[in-house]
Number of protein chains: 2
Amino acid sequence: MARLSRDRVLRTAVDLADRIGIDALSMRRLADELDVVPMALYKHVAKKEELLDGMVDIVIGEIDPPTRGAAWKAAFRQRILSARRALLRHPWAPRVLESRTQPTPAVLDYMDSMIGIMRSGGFSRDLAHHSMHAVGSRLMGFTQELFDDKRGIDPTTLPPQVLQAMIARYPNIAEMAGVAVHEEHTVVGAGCDDQFEFEFAVDILLDGLERKLAVAQKSAAG
Amino acid sequence: MARLSRDRVLRTAVDLADRIGIDALSMRRLADELDVVPMALYKHVAKKEELLDGMVDIVIGEIDPPTRGAAWKAAFRQRILSARRALLRHPWAPRVLESRTQPTPAVLDYMDSMIGIMRSGGFSRDLAHHSMHAVGSRLMGFTQELFDDKRGIDPTTLPPQVLQAMIARYPNIAEMAGVAVHEEHTVVGAGCDDQFEFEFAVDILLDGLERKLAVAQKSAAG
DNA sequence: ACCTGAACACCGTTCAAGT
DNA sequence: ACCTGAACACCGTTCAAGT
């Protein structure tokens, strides 16, 4: 068994969270995994918060560096999609990220670099600021979804009467989800392509920002 | 002291969370507040999750009904801003909302109604679907922010050398935040208007969706 | 000086004993 | 049948006792 180190503690925590989920990741469970008494962890992380910060930084470290020489929009888009790929590897990451009260240096580096891409592309300080807020959590590759189809109810598992009742009460949701009941057959839509939805939203935002940038540059030139 | 009831349990929980924060809201603390033994709560809510669901529904209940007769964009926008006002009254609500694994009927009612607004405005089923994902958590009046200025570090409280080091390391963040150090004076920007940032993002999305709708309707007509 | 078992102050929830 | 105190199985973290 390798000697304990901060790095080994953090990497094991990431792997363990990938495997058992973030709710089940306790200091005690992590210590078990490392064949160590719980208190031994406290030599490498001061508190659990510091452990979570370290785990976030590992995920951030998986984001590709910015593409050199690309136009702002392409560079920004590629980086966001890379962040998304990193996040998808660690399903717990969005929840942990949003629970941090202080951004870590790695998060600040990433944000600074993203603002830099916009500034180099001609964004004013204010427009860059608004843009960061507009993009929000998508900057890190995730959307705060309220209608997560995966977490929702699978209509195929519902008794027909219940499904019928839901369609009656939520006709627009049902129609949107492509759920319909024909006499005796239940037709269920094809579900939802998360990657498509993510890019749809990112592109609306980037197109909108491009338009704002053009307006700002025109009025500055005129 | 009034008799315990599900409604009184839920309303007290909302008030208590507003006051002491969601992390401090435990079943035991809530029972204390109601001058009741912890187990008494379990007659009105089966588990803590059900308590949280009930609290969410109270917040959802504070969202104004849709404006009758308004065009889709105005109706949608007004409702989102109303949701935001409700959320702002209960700072814990976004975090609780996003932790729910199943949407409650009240959330489904709200979403169904929002989809209905779009469908009546001419959105196809697919465009309405993409739009819901694009708007994401903003539908409920909040943005998943990564750069929450309020939770961040207040630059005025930092020692000058630390501030200088941060500006050197994160020049774009510093510039965006309007932080600058002049010889001996430290100038700090005016901060950030959350309401403005929220509406900026909402309007980019709504404008983008309006454009997609127009394209779809033109190609359908042609 | 270092390491760690026991303990502390909490959780949500179960369950059996009491009325 | 109803109510509830004690208990269970956990937490993160402190601290003092042991080496």
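This structure is a prediction, so every number in the text was calculated from the model and none was measured. A note on names: the letters A, B, ... follow the listed sequences, proteins ahead of strands, and every chain is numbered from 1.
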Worksheet item: How does each nucleotide of nucleotides 6-19 of chain C score, in 5' to 3' order, for protein heavy atoms under 4.0 Å: base (B), sugar-phosphate only (S), or none (-)?
Response: -B---BBBBB----
Expressed as a whole number of angstroms, how long is the span from [X]:[atom1] to [N]:[atom2]?
X        : N      : atom1 : atom2 : value
Leu4(A)  : dT4(C) : CG    : P     : 10 Å
His44(B) : dT4(D) : NE2   : C1'   : 15 Å
Leu41(A) : dC3(C) : CG    : P     : 13 Å

Partner residues of [X] under the side chain to side chain contact (heavy atoms under 4.5 Å, CB included) criterion, sequence neighbours left out:
X         : value
Arg6(B)   : Leu10(B), His44(B), Val45(B), Glu50(B)
Ala201(B) : Ala134(A), Arg138(B)
Ser113(A) : Pro66(A), Arg79(A)
Gln78(A)  : Thr67(A), Ala74(A)

Practice prompt. Mind checking salt bridge (Lys or Arg N to Asp or Glu O under 4.0 Å) for Asp15(B) and listing every partner two or more places apart, or none if nothing turns up?
Written response: none
Worksheet item: Residues in salt bridge (Lys or Arg N to Asp or Glu O under 4.0 Å) with Arg19(B), at least two apart?
Response: Glu33(B)
Worksheet item: When you measure from every atom of DNA chain C, which of residues 52-59 of chain B have a heavy atom less than 4.0 Å away?
Response: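 DNA chain C contact set from residues 52-59 of chain B: none.
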Listed by chain and number, what are the ring pair (Phe, Tyr, Trp, His ring centres under 6.0 Å) partners of [X], not counting sequence neighbours?
X        : result
Phe76(B) : none
His90(A) : Trp92(A)
Tyr42(B) : none

Item to complete: Give the dot-bracket string for DNA chain C, reading 5' to 3', where a pair is Watson-Crick or G-U wobble with both distances under 3.5 Å, ( ) marks pairs inside the strand, [ ] marks pairs crossing earlier ones, | marks a partner on another strand, and . marks unpaired.
Response: ||.|||||...|||||.||
Fill in: Centroid-centroid distance, His130(A) to Phe196(B), less than 6.0 Å
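Yes, ring centres under 6.0 Å apart.
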